[in-house]
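Report on the structure given below.
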Amino acid sequence: MDNVTKEVWVFVEQHDGKAADVSLELLSKGRKLADRLSGVLKAVVLGCNVRNIAEETFKYGADSAILIDHPALEKYRPLPYSRMLNKLVNESKPRIVLFGATVVGRGLAPRVASNTVSGLTADCTELQIEDVTYLKKDYKDLLLQIRPAFGGNIIATIITPDNPVQMATVREGVMEMHEVETPNSINIETVDYIEDTTDDLVKIIEQYREESKVNLKGAPIIVAGGYGLGTKENFKLIHNLADAVGGEVAGSRAAVDAGFVDHDRQVGQTGITVRPKLIFSIGISGAIQHRAGMQEANKIIAINTDPDAPIFDIAHYGIVGKAEEVIPNFIDLYKHKLK
Amino acid sequence: MYNSIVMVKQVPDTANISGKVMKDDGTVNRAKLPAIFNHEDKEALELALQVKEQYGGTVSVITMGPPRASDMLKECFYMGADKAYLISDRKFAGSDTLATSYVLSEAITHIGKFDFVFAGRQAIDGDTAQVGPQTAEKLKLSQVTYVEEIKKVENNIARIKRKIDGGQEVVEAQLPILLTVIKGAQEPRPFSAKKIMIYKSAKTLLDLEKIANGNSLLNLDELIHEHKDKNLYIETLSTTDLSDIDVSKIGLHGSPTKVHKVESVVLSGGDAVKIEPTREGIGSLIDELLNDHILG
């Protein structure tokens with residue numbers, strides 16, 4: 001397509017004056033994509049008294065930042081945010097816009113894509129830029145939006161060949177956060193907020209937030225359980241093992257859906273991506289969506305009753321056996337050996 | 001009185017996939033899959049029915065899909081929906097979320113006035129959560145996503161509790177508004193036996209066409225009329241009925257995103273060191289982990 005820009009934008013989500021980790025991770029990825037395009041990386045920051053966040057984005061590789069700073073933007077509300085982003089995207093037609101696949105990003109990105117007629121792919125596990133031949137036409141430097149799909153049976157590569165703006169959302173932890181060695185000099189373009197009669201269609205009455213106490217991303221050891229544990233009662237084995245080895249408890253999506261473990265401990269494509277030193281994967285069959293969130297662990301120990309479970313294909317150590325027998329033995333032996 | 005339109009979707013049961021479900025063009029061969037009522041959409045319908053019970057009004061359900069999606073629309077009747085719309089046309093095939101939201105927004109505009117548009121947060125076949133907000137944008141509506149509870153509706157303002165990352169929020173939303181509902185918001189009510197008796201014979205236009213074609217004594221217009229009178233007609237809308245629709249914005253052609261490549265998941269296969277589930281086996285594994293300073 002002619003006349004497309006080489007701008008990569010990252011929407012920088014912030015809460016109470018602090019940038020979301022996923023946004024900083026996306027800046028790091030955006031830096032790579034911008035380099036590949038020989039283009040520029042722009043951070044887009046909306047909020048109130050958040051110039052410091054716009055400044056912080058340079059540590060993660062931004063070439064420039066767009067800042068809209070206004071009391072109406074203090075907390076995320078769909079219309080004030082989407083209206084301003086629609087305007088920015090329609091005016092500048094960035095080639096790529098990335099959002100965290102958070103509650104905010106998942107509400108905002110589709111509105112902007114809808115307004116600007118852009119292609120949007122949710123929960124990408126990988127983003128690359130490549131020349132593509134699609135339906136016998138050649139396209140230069142398209143964004144490959146890669147994600148598992150359809151119950152994990154396939155990995156799909158999605159493209160937006162004929163529209164100027166390509167968008168994607170990415171879950172926290174999927175991309176790695178890197179501070180750059182020599183940040184670009186700070187270059188912030190402030191854009192005025194334009195008030196609108198629709199601003200207060202949704203008003204926030206109360207808000208309760210707390211930083212997640214769960215730090216799966218930073219945990220060196222994770223003990224993850226799946227639906228194979230059978231009951232919430234049995235899932236206690238996971239907690240026992242985590243206590244013994246000093247690990248964090250996690251679960252597969254099926255285990256979360258079954259109520260064995262809280263959602264903020266879900267590992268996988270639609271949960272958190274982790275890269276621990278060691279992960280125990282117990283009673284987890286190992287669907288691609290789950291593996292996408294943990295396969296970069298340094299060591300994987302799989303425990304499953306089904307010798308054909310896909311999890312064994314990526315594990316470093318495989319134990320075919322019952323969790324009820326293996327885990328108590330493991331804990332007991334480990335305690336003895338530590339002494 | 002508050003009128004609601006609920007966007008519902010029949011989805012492949014992704015937990016029970018077998019065989020070849022992907023077509024060569026990379027789209028899904030839905031005919032090969034068992035189809036179910038997307039659960040979050042069902043919860044959205046439940047919330048809409050509760051609004052109706054508490055404040056009066058009507059509940060219409062709308063789905064874009066193949067003819068067999070009418071099975072799900074009947075289930076909506078069994079729960080208490082007043083009216084159902086099947087938006088179906090071969091020209092819609094291959095639509096991505098944006099093209100889908102365009103069709104839905106056109107259909108909703110066609111249906112008429114409403115106070116609430118409800119949808120499930122996301123459908124289990126894609127988990128994108130995009131169609132709700134994309135439809136809201138096209139309808140120029142505000143939105144509340146991740147809805148857990150509607151606390152009350154008064155003077156055209158709904159007080160709503162929603163989930164946010166790391167917590168919860170209560171908002172007041174001016175109607176009309178689009179809401180997306182998350183799992184666990186409200187357990188959908190069971191089907192009413194009485195309603196099943198009535199609505200099991202509800203028919204779409206396509207059903208009635210088949211009947212009319214198979215019996216020269218029956219006239220299609222009369223059949224439609226008859227079913228409408230008994231409220232057993234599932235309104236069927238195609239691109240012909242949605243006369244304002246721009247066909248360049250629908251289907252595969254009207255979708256900005258395309259599937260470039262699909263790869264079956266191939267596993268490298270079995271480099272795992274096999275550990276026996278015995279005390280000896282587990283003990284040697286622990287020794288190795290301790291030696292390598294992975295544990296301890």
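The sequence lines fix the lettering, A, B, ..., with proteins before strands; numbering per chain opens at 1. Values below: every heavy atom of this structure, side chains too, minus hydrogens, waters and symmetry copies.
- Contact between B/Leu141 and A/Arg111 at its shortest, heavy atoms only, is O-NH2, 2.6 Å.
- Checked against ring-ring contact (aromatic ring centres under 6.0 Å, His included), B/Tyr2 has the following partners two or more places apart in sequence or in another chain: B/Tyr55.
- Listed options B/Arg159, B/Gln134, B/Lys258, B/Arg162 were ranked by heavy-atom pairs under 4.5 angstrom with chain A; first place goes to B/Lys258.
- Here the straight-line distance linking atom CD1 of B/Ile275 with atom CZ of A/Phe330 works out to 10.0 Å at 0.5 Å rounding.
- Only the backbone of A/Val104 comes within contact range of chain B, with heavy atoms under 4.5 Å apart.
- In this structure, no portion of A/Thr198 lies under 4.5 Å from any heavy atom of chain B.
- Of the atoms belonging to A/Ile303, not a single heavy atom falls under 4.5 Å from chain B.
- Interface check for chain B: of the options A/Asp200, A/Asn298, A/Asp332, the most heavy-atom pairs under 4.5 Å are formed by A/Asp332.
- Contacts between A/Tyr134 and chain B at a heavy-atom distance below 4.5 Å involve the side chain alone, from C-beta outward.
- Rounding to the nearest 0.5 angstrom, the gap separating the CD1 atom in B/Ile286 from the OH atom in A/Tyr334 is 8.5 Å.
- When the candidates B/Ala136, B/Ala158, B/Gly184, B/Ser101 are compared by the number of heavy-atom contacts under 4.5 Å with chain A, B/Ala136 comes out ahead.
- With a 4.5 Å cut-off on non-hydrogen atoms, A/Glu172 does not touch chain B at all.
- In this structure, the portion of A/Ile221 lying under 4.5 Å from any heavy atom of chain B is its side chain and not its backbone.
- Closest non-hydrogen pair, B/Leu290 versus A/Lys337, comes out as CD1-CB, 4.0 Å.
- With respect to chain A, the highest number of heavy-atom pairs below 4.5 Å among B/Asp96, B/Thr145, B/Leu285, B/Thr278 belongs to B/Leu285.
- By number of non-hydrogen pairs under 4.5 angstrom with chain B, the leading residue of A/Leu135, A/Asp123, A/Thr270, A/Val320 is A/Val320.
- Within the 4.5 angstrom heavy-atom criterion, only side-chain atoms of A/Lys299, from C-beta onward, approach chain B.
- Atoms CG and CG, from A/Leu278 and B/Asp292 in turn, are 11.0 Å apart once rounded to the nearest 0.5 Å.
- Two residues are said to be in side-chain contact when any heavy atoms from C-beta on lie closer than 4.5 Å; B/Asp127 and A/Arg253 meet this criterion.
- Contact annotation for A/Asn86: only side-chain heavy atoms (C-beta onward) come within less than 4.5 Å of a heavy atom of chain B.
- Contact annotation: the side chain of B/Lys261 never approaches that of A/Leu144 to less than 4.5 Å [non-hydrogen atoms, C-beta and beyond].
- Residue contact with chain A, scored on non-hydrogen atoms closer than 4.5 Å, involves the backbone of B/His293 exclusively.
- Electrostatic pairing of A/Asp257 and B/Lys183 counts as a salt bridge here, judged by a charged N lying under 4.0 Å from a carboxylate O.
- Scanning all heavy atoms of the two residues, the minimum distance from A/Lys277 to B/Ile294 falls at CE-O, 3.4 Å.
- Contact annotation for A/Arg77: neither backbone nor side-chain heavy atoms come within less than 4.5 Å of a heavy atom of chain B.
- B/Lys138 contributes a side-chain N or O that, together with a main-chain N or O of A/Ser114, makes up a donor-acceptor pair within less than 3.5 Å.
- Highest contact tally toward chain B, considering only A/Lys75, A/His15, A/Glu210, is held by A/Glu210 [criterion: heavy-atom pairs under 4.5 Å].
- If you measure heavy-atom distances from A/Glu325 to chain B, you find no contacts under 4.5 Å at all.
- A/Arg209 approaches B/Ile164 most closely through the heavy-atom pair CG-CD1, 3.4 Å.
- A heavy-atom distance below 4.5 Å is not found between the side chains of B/His260 and A/Leu142.
- The closest donor-acceptor contact from the side chain of A/Asn329 to the backbone of B/Arg279 lies at 3.5 Å or more, if one exists at all.
- For the atom pair CG (A/Asp162) and OG (B/Ser255), the distance works out to 11.5 Å, reported to the nearest 0.5 Å.
- Contacts with chain A (heavy atom to heavy atom, under 4.5 Å) involve these residues of residues 174-181 of chain B, listed by number: B/Gln174, B/Ile177.
- Counting all heavy atoms, side chain and backbone alike, A/Gly119 lies closest to B/Thr257 at CA-CG2, 3.5 Å.
- Without hydrogens or angle criteria, B/Gln143 side chain to A/Gly107 main chain gives a donor-acceptor distance under 3.5 Å.
- Counting heavy atoms from C-beta on, the side chains of B/Val259 and A/Ile158 come closer than 4.5 Å.
- Neither the backbone nor the side chain of A/Thr169 has a heavy atom closer than 4.5 Å to any heavy atom of chain B.
- Taking 4.5 Å as the limit, some side-chain heavy atom of A/Glu13 sits within range of a side-chain heavy atom of B/Asp165.
- Heavy-atom pairs under 4.5 Å with chain B were tallied for A/Asp264, A/Ile159, A/Asn115; the largest tally goes to A/Ile159.
- For the pair A/Leu120 and B/Thr97, the minimum side-chain heavy-atom distance is 4.5 Å or more.
- To the nearest 0.5 Å, atoms CD1 (A/Ile288) and CD (B/Glu263) are separated by 10.0 Å.
- Closest non-hydrogen pair, A/Arg147 versus B/Gly126, comes out as NH2-O, 3.0 Å.
- For A/Leu338, the part sitting under 4.5 Å from any heavy atom of chain B is the side chain, from C-beta outward, and nothing else.
- Contact count against chain A (heavy-atom pairs under 4.5 Å) is highest for B/Glu169 among B/Glu288, B/Lys163, B/Glu169, B/Lys274.
- In this structure, chain A has heavy atoms under 4.5 Å from both the backbone and the side chain of B/Leu295.
- Interatomic distance, NZ of B/Lys140 versus CG of A/Leu79, reported as 11.5 Å (0.5 Å rounding).
- Taking chain A as the reference chain and counting heavy-atom pairs below 4.5 Å, the highest number among B/Ala129, B/Gly167, B/Gly166, B/Gly296 is found for B/Gly166.
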